[in-house]
Amino acid sequence: MSDHSRVYIGTAFVAGVLLTLGFAELVYPELERRLRGTQSGRSQSITGLQSSSLEPLAARPGPPVIVEGIEGCIGNTPLFRIKSLSDATGCEILGKAEFLNGAGQSSKDRVALSMIEIAEENGILKPHSGDTIYEGTSGSTGISLASLARAKGYLAHICMPSDQAIEKSNLLLKLGAIVDRVPPAPIVEKDNFVNRARALADAQTLSPDSGRGFFADQFENEANWRAHFNGTGPEIYAQCNGKLDAFIAGAGTGGTISGVALFLKPRIPDLSVVLADPQGSGLYNRVRYGVMFDVKEREGTRRRRQVDTIVEGIGINRVTANFEVGKELVDDAVRVTDAQALAMARWLVEKDGIFVGSSSAVNSVKTAMKMGPGHRIVTVLSDSGSRHLSRFWAKAGDVGGAVDTKLEDVLNAKDDQ
């Protein structure tokens with residue numbers, strides 16, 4: 001090779017490197033900004049959100065960047081093919097691995113961070129001032145809030161029903177939160193866990209000797225659905241390159257299904273959004289028939305406790321602001337029995353090595369069978385089974401050694417009589 005050729009090749013190589021670096025510096029932050037969403041749009045109306053720019057998004061390539069603190073590890077969770085369910089149905093069934101969020105290891109990390117950041121922007125919370133974050137939760141939101149409270153300079157006080165898995169409250173204590181396990185009670189009673197958290201926050205705020213008490217209010221706080229509009233929805237859209245036939249999710253507060261639907265529906269008009277609702281919850285009827293209860297048990301007056309279910313974290317018997325904001329975009333609802341949820345949890349371990357709590361995978365299979373082969377379906381895998389050991393997984397039992405469960409066994413599973 002001549003000296004002239006060597007000089008030409010070397011110059012071209014250096015130029016290529018510089019061009020690549022310049023492109024990365026200009027484009028990668030823009031892609032990351034789009035993927036994570038911006039905080040400036042939080043004051044937009046729903047109409048404005050739905051009519052906002054519909055340009056395609058792009059998932060950021062390459063290894064993760066260095067982030068600031070544990071809060072930087074939230075979002076950009078993988079979307080992976082659930083092999084056994086995809087092979088069995090002929091559809092591509094994808095799981096959004098929300099249990100890989102880096103603070104509380106659940107989808108509630110997004111919500112907790114959003115609620116705290118908006119409260120800080122509005123001057124409601126001030127780091128390292130003695131302020132305390134209060135919340136009424138069945139567990140996962142409290143765990144996320146407890147983690148992020150410590151990371152951002154606050155204390156956390158969590159109220160939860162006493163019938164939830166004990167490992168949740170044990171974990172909260174290890175994370176430095178104060179925990180009240182209170183007997184289950186309807187929302188119309190002052191001793192309900194949500195109402196207790198609100199009352200404690202108000203009492204601290206009125207006290208002259210302590211910092212402010214902030215009631216996070218995940219059921220009604222719009223920061224909940226906005227976290228999924230700004231994060232989860234754009235991520236799914238980018239990961240699927242805009243090609244998606246159905247989105248499946250359960251609903252407790254309703255923030256996930258509403259936020260994702262509000263983002264995806266204007267971009268994919270033919271998308272089917274389906275609610276997975278456990279036994280005892282009224283949201284199934286809310287979607288299917290427009291009402292929660294019979295007139296004898298109308299909203300706000302119901303005194304009877306919710307029908308028991310082994311499923312934790314989803315299902316509710318009252319209207320919440322977060323669910324209502326996206327309800328009109330939910331196309332269908334499917335009832336998931338305890339037996340089906342337990343059988344599907346065992347199936348995912350047996351066939352795929354996926355260890356989660358109760359998920360929407362049963363509903364994704366039902367939707368796949370209804371739609372027929374060739375469709376792409378995304379479901380949310382909210383948290384790990386490790387925080388459900390003493391209740392849900394105690395009921396599910398051990399998977400065992402050499403087993404070969406059939407999918408029809410899962411779908412036809414019946415509760416023990």
Any carboxylate oxygen within less than 4.0 angstrom of a Lys/Arg side-chain nitrogen, looking at [X] and [Y]?
X	Y	result
K108	E98	no
R346	E350	no
R376	E92	yes
D332	K370	yes
D87	K351	no
E167	K174	no

Indicate every side-chain donor-acceptor pair of residues 255-262 with a distance under 3.5 Å to a residue at least two apart or in another chain.
from, atom 1, to, atom 2, distance (Å)
T256, OG1, H228, NE2, 3.2
S258, OG, G254, O, 3.2
S258, OG, N322, O, 2.6
S258, OG, F323, O, 3.2
S258, OG, G326, N, 3.3

Would you confirm whether [X], through its side chain, and [Y], through its main-chain N or O, come within 3.5 Å as a donor-acceptor pair?
X	Y	value
R181	Q164	yes
T320	T253	yes
W393	V356	yes

Return yes if a side-chain donor-acceptor contact under 3.5 Å exists between [X] and [Y], otherwise no.
X	Y	result
R226	S114	no
K414	Q340	no
T205	R212	no
S140	R387	yes
R288	N285	no

Distance in Å, M371 CE paired with D245 CG, rounded so as to fall on 0.5 Å steps: 4.5 Å

Which of these passes side-chain contact (heavy atoms from CB on, under 4.5 Å) with K96: T77, T379, I248? T77

Mind checking whether F263 and F229 have ring centres under 6.0 Å apart? yes

